[in-house]
Amino acid sequence: MVGREYRGMSAEQRLADRRERLITAAYTLFANPGFHGTTIERLCATARISNRAFYECFSGRDDLMRAVYDRCVEETLTSVSAAIAQAPPTLDDRIVAGIGEYVRFVTKDARRARVMHVEVRRAGDVLSGARQRSVLAFSKVIERTVDDVRHRPPLESHLLALGVIGAITELLIEWVLSDPAPPVDRLVATAIHIFRSSFQP
């Protein structure tokens, strides 16, 4: 059945519009004051929708946080993959391109850095599955990048990739929480050093 038109928008379009407005509002509010500091009422007021409309879009705050986090991860993966694809086909060039793009893209917007690396942990078990999926996605990018140039046993590549991801995550948490924050170029240089030490002889 086709949804009824309302002010030039179908029911499906209105739902998509409300959903997008909630994601936009949550992107800012979940970064500050944070996931636990943001009520559904405040999200609805910021997005200019009713509480009833909220539950037509999401089952609750957890569901909305997952959507925001997944959006951040998807955009970051797209940006990093493009940077690696455009880099010269040597392992070192791809390391510099991929790691540099990841750190710079995430820190370009402090909200993205906070959602991806601080608030996702504060949200607790409700986002553990989403976080595991993102770690797996980024580890696959690293493994493919390395395996395209060098051949290592799959288990070794996977564990090394997880170790590198963990190290970069801690660097970005430090950037989010420190005052003053370490310079982004210093983060990039440190992350590249860790990657080179892990994957190059």
Side-chain angles (χ1 to χ4, degrees), residues 27 30-31 34-35 62 65-87 89-178 181-201:
Y27 182 53
F30 285 164
F35 176 72
D62 298 348
M65 177 63 175
R66 192 176 297 109
V68 173
Y69 177 74
D70 286 346
R71 175 79 60 86
C72 289
V73 169
E74 179 184 352
E75 291 173 349
T76 305
L77 274 169
T78 298
S79 183
V80 169
S81 297
I84 292 172
Q86 293 166 11
T90 69
L91 180 57
D92 197 67
D93 284 322
R94 290 179 174 180
I95 287 172
V96 172
I99 297 295
E101 181 63 18
Y102 182 88
V103 175
R104 291 191 177 94
F105 185 80
V106 170
T107 57
K108 190 182 301 180
D109 188 332
R111 295 172 298 178
R112 182 185 294 117
R114 184 171 284 274
V115 165
M116 288 181 67
H117 294 289
V118 176
E119 293 303 322
V120 66
R121 292 167 177 255
R122 290 178 175 168
D125 292 342
V126 297
L127 282 187
S128 60
R131 185 174 178 277
Q132 283 182 309
R133 287 192 297 274
S134 75
V135 169
L136 179 61
F138 283 111
S139 70
K140 285 183 176 179
V141 170
I142 292 172
E143 292 169 61
R144 283 197 303 268
T145 300
V146 172
D147 292 343
D148 280 349
V149 181
R150 300 180 59 215
H151 296 287
R152 284 179 173 270
L155 180 61
E156 183 179 358
S157 289
H158 180 63
L159 294 179
L160 285 172
L162 292 178
V164 168
I165 290 168
I168 295 173
T169 295
E170 291 302 320
L171 290 174
L172 287 164
I173 291 173
E174 178 73 7
W175 183 83
V176 170
L177 299 180
S178 293
V184 170
D185 286 346
R186 183 71 58 83
L187 291 184
V188 171
T190 302
I192 289 172
H193 174 76
I194 293 169
F195 203 118
R196 283 171 172 160
S197 299
S198 299
F199 284 98
Q200 291 185 331

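Hydrogens, waters and symmetry mates play no part in the numbers below; they use all other heavy atoms, side chains included. Note that the numbering runs from 1 along the sequence shown for the chain.
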Would a 4.5 Å heavy-atom cut-off, applied to side chains only, mark [X] and [Y] as touching?
X    : Y    : answer
E74  : L77  : no
V96  : R196 : yes
I173 : R121 : yes

**OP:** Evaluate the criterion side-chain contact (heavy atoms from CB on, under 4.5 Å) for residue pair R104 and D185; output intermediate values, then yes/no.
**Re:** CA-CA 8 Å; R104 291 191 177 94; D185 286 346; 3.4 Å; yes

Scan the side chains in residues 111-119 for donor-acceptor partners under 3.5 Å anywhere in the protein, sequence neighbours excluded, and list what turns up.
unit_1 : atom_1 : unit_2 : atom_2 : d
R111   : NE     : D109   : OD1    : 3.1
R111   : NE     : D109   : OD2    : 3.4
R111   : NH1    : T28    : OG1    : 2.8
R111   : NH2    : D109   : OD2    : 2.9
R112   : NH1    : F105   : O      : 2.7
R114   : NE     : A31    : O      : 3.4
H117   : NE2    : Y102   : OH     : 2.9
E119   : OE1    : F35    : N      : 3.0
E119   : OE2    : R122   : NH1    : 3.1

Subject >> ring-ring contact (aromatic ring centres under 6.0 Å, His included) partners for Y27, two or more places apart >> reply: none

Original post:
Would I99 and H193 count as a side-chain contact (heavy atoms from CB on, under 4.5 Å) if you check the C-alpha gap in whole Å, the side-chain angles of each, and the deciding distance to 0.1 Å?
Top reply: CA-CA 10 Å; I99 297 295; H193 174 76; over 6 Å; no

Original post:
Step by step, would you call I142 with F199 a side-chain contact (heavy atoms from CB on, under 4.5 Å)?
Top reply: CA-CA 10 Å; I142 292 172; F199 284 98; 3.8 Å; yes

Look up atom [atom1] in [X] and atom [atom2] in [Y], then write down how far apart they are to the nearest 0.5 Å.
X    : Y    : atom1 : atom2 : result
I192 : D92  : CD1   : CG    : 8.0 Å
T145 : D93  : OG1   : CG    : 12.0 Å
I165 : F138 : CD1   : CZ    : 8.0 Å
S139 : L160 : OG    : CG    : 11.5 Å

Identify the heavy atoms of [X] and [Y] that sit nearest to each other, and give their distance.
X    : Y    : result
E174 : P182 : O-CD, 4.1 Å
R66  : V126 : NH2-O, 2.9 Å
A167 : I194 : CB-CD1, 3.9 Å
A191 : I168 : CB-CG1, 4.0 Å
A87  : A97  : CB-CB, 3.6 Å
V141 : S81  : CG2-OG, 4.3 Å

Original post:
Going through the checks in order, is the side-chain contact (heavy atoms from CB on, under 4.5 Å) test met by D62 and M65?
Top reply: CA-CA 5 Å; D62 298 348; M65 177 63 175; 5.7 Å; no

Original post:
side-chain contact (heavy atoms from CB on, under 4.5 Å) with A83: which residues, sequence neighbours excluded?
Top reply: E101

**OP:** Examine distances only and state if a side-chain atom of S134 and a backbone atom of R131 form a donor-acceptor pair shorter than 3.5 Å.
**Re:** yes

